[in-house]
There are 2 protein chains.
Amino acid sequence: MIYVCNTITRQGADMAHDHASDCPSCQEPAAAFSRHDHAHCAQDVLERADGLVAQSGARLTPVRRRVLEILLEEHRAMGAYDVLKRLAAEGYGNQPPVAYRALEFLVEQGLAHRIRRLNAFAACMHPGEAHAPAFLICRNCNIVAEAPAAAVRKALDAAADMLGFLVERSTVEALGLCPACRDQAA
Amino acid sequence: MIYVCNTITRQGADMAHDHASDCPSCQEPAAAFSRHDHAHCAQDVLERADGLVAQSGARLTPVRRRVLEILLEEHRAMGAYDVLKRLAAEGYGNQPPVAYRALEFLVEQGLAHRIRRLNAFAACMHPGEAHAPAFLICRNCNIVAEAPAAAVRKALDAAADMLGFLVERSTVEALGLCPACRDQAA
DNA sequence: GCGTTGTTGATATGATATAACGCATGGATC
DNA sequence: GATCCATGCGTTATATCATATCAACAACGC
Ligand SMILES: [Zn+2]
Ligand SMILES: [Zn+2]
Ligand SMILES: [Zn+2]
Ligand SMILES: [Zn+2]
């Protein structure tokens with residue numbers, strides 16, 4: 001299947017990763033929203049997730065791994081109950097805590113992100129790489145892309161520092177139009 | 001009464017406003033978290049709100065105005081149901097839509113902000129001034145401050161633009177420690 | 001084996017948010 | 001004045017998001 005990838009990875013010190021260079025998400029930033037076979041990306045992320053979790057001493061149990069797979073398959077921000085429906089249909093528990101716990105675990109491990117504007121979760125497409133992404137949410141087609149935001153964080157830290165405020169975690173989310181919907185509107 | 005003001009206003013082209021210069025929120029950024037008599041700020045904001053709404057053709061009805069007053073009085077981020085309790089106690093409707101509609105109106109008019117991380121709303125302390133603030137949320141004492149974020153938005157716009165994404169609205173929220181709690185922790 | 005820890009599943013509840021309907025008001029139009 | 005229409009309000013009901021608590025069970029170290 002062909003998807004539009006919600007991944008945006010820049011080649012560079014902060015975002016580089018080590019898998020095959022034919023990964024569409026590892027090309028130029030301008031290619032982030034372009035259509036490509038997402039199966040490769042998903043498979044790559046899963047493999048890296050296995051390694052990262054083992055390395056941290058945590059356990060990527062069946063439910064947790066399945067939730068990550070679902071997020072990768074669906075390839076969009078999903079509500080906890082959306083995930084739960086999928087789990088229930090596959091014989092896992094169908095109670096909210098099952099989904100919330102798995103999602104919380106994935107977020108803690110850096111394998112997924114929480115999109116507060118949507119009350120939803122999305123798989124991180126470059127786990128293990130230090131990053132604090134900004135999320136770009138298209139109001140027309142609902143695609144969610146992760147954008148490198150080192151400069152944004154830096155500006156935020158500076159603004160907070162002027163007031164004596166110490167930033168520990170931050171949320172940067174933008175609502176607007178993706179390239180495709182932007183063209184369509186014009 | 002003495003409050004800590006959740007307002008941070010900088011004297012400068014983007015944030016200046018025209019009322020009396022003894023407003024604590026109009027002093028140096030470093031004074032943003034300091035204690036002061038908030039009644040002056042609240043009164044000033046209400047007066048400006050009246051003017052702004054009239055100017056835009058909208059109507060600041062009793063319920064809407066009362067919600068703004070409540071937000072200003074409480075001087076913190078409030079959940080919709082907190083506001084609703086206050087309204088109900090004063091004889092207004094006690095159903096969720098009453099509060100949500102008024103809050104939505106205030107946000108649309110730029111008289112209040114929605115803080116997604118807290119699922120809450122706070123009065124804007126400098127309505128009418130072009131601004132897209134970042135919110136600084138203390139994880140210890142829950143104070144919420146509005147910080148000027150022009151540089152942050154600029155960086156975000158630039159990051160999005162590199163991907164062809166057009167930002168229309170954005171959410172920038174930081175969780176951390178306010179100056180007081182930071183000192184206390186040290 | 002056996003206690004300890006962590007994971008899962010179930011029940012129940014709490015918290016946040018919106019859909020849909022009908023009525024009242026107030027201004028524009030006839 | 002009567003009619004129409006747009007707007008706001010109140011209500012019922014429902015949808016969506018999230019957590020507290022307990023019981024069963026599995027993995028692990030001893
Ligand atoms: Zn990839
Ligand atoms: Zn789009
Ligand atoms: Zn004040
Ligand atoms: Zn504090």
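In what follows, chains carry the letters A, B, and so on, assigned in the order in which the sequence lines appear, proteins first and then strands, with residues in each chain numbered from 1.
- A donor-acceptor contact closer than 3.5 angstrom is absent between the side chains of Glu173(A) and Ser170(B).
- Within the 4.5 Å cutoff, the side chain of Arg139(B) has no heavy atoms near those of the Arg169(A) side chain.
- DNA chain D is contacted by Pro96(A) of residues 85-96 of chain A, taking any non-hydrogen atom closer than 4.0 Å.
- Side-chain contact of Thr171(B) with Arg116(B): a donor-acceptor pair under 3.5 Å is absent, judged by distance alone.
- Contact between the side-chain N/O atoms of Arg114(A) and the OP1/OP2 oxygens of dA18(D) is found at a separation under 4.0 Å.
- With respect to Asp44(A) and Arg48(A), a salt bridge is recorded, a charged nitrogen being found less than 4.0 Å from a carboxylate O.
- Under the 6.0 Å distance and 45° angle rule, Arg64(B) counts as a cation-pi partner of Phe105(B).
- Between His113(B) and Phe135(B), the ring center distance clears the sub-6.0 Å criterion.
- Minimum atom distance to the side chain of Val63(B) is reached by dG10(D), of the listed dG10(D), dT19(D), dG8(D).
- The pair Glu69(A)-Arg66(A) meets the salt-bridge criterion, since a charged nitrogen lies less than 4.0 angstrom from a carboxylate oxygen.
- Atom-to-atom, CD of Glu104(B) to P of dA19(C) comes out at 10 Å; the value is rounded to the nearest Å.
- In this structure, Glu168(B) places its CD atom where more than 12 heavy-atom neighbours from other residues, nucleotides or ligands lie under 6.0 Å away.
- Arg116(A) has its CZ atom 12 Å from the P atom of dA17(C), to the nearest Å.
- The distance between atom CZ of Phe105(B) and atom C1' of dA6(D), rounded to the nearest whole Å, is 15 Å.
- Look at CG on Leu103(B): it is 10 Å from P on dA17(C), rounded to the nearest Å.
- If you measure from atom CZ of Arg117(B) to atom C1' of dT16(C), you get 17 Å, rounded to the nearest angstrom.
- Contact annotation: the side chain of Cys124(A) never approaches that of Leu111(A) to less than 4.5 Å [non-hydrogen atoms, C-beta and beyond].
- In this entry the distance linking OH of Tyr100(A) with C1' of dT8(C) reads 18 Å, nearest Å.
- Each of Asn119(B) and Tyr81(B) was matched to the nucleotide of DNA chain D holding its nearest heavy atom; the match closer to the 5' end belongs to Tyr81(B).
- The CG-P distance, from Leu60(A) to dG6(C), rounds to 17 Å in whole Å.
- Taking atom CD on Glu108(A) and atom C1' on dG6(C), their separation rounds to 13 Å, with Å as the unit.
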Between protein and nucleotides 22-30 of chain D, map the contacts as a letter string: B base, S sugar-phosphate only, - none, heavy atoms under 4.0 Å, written 5' to 3'.
---------
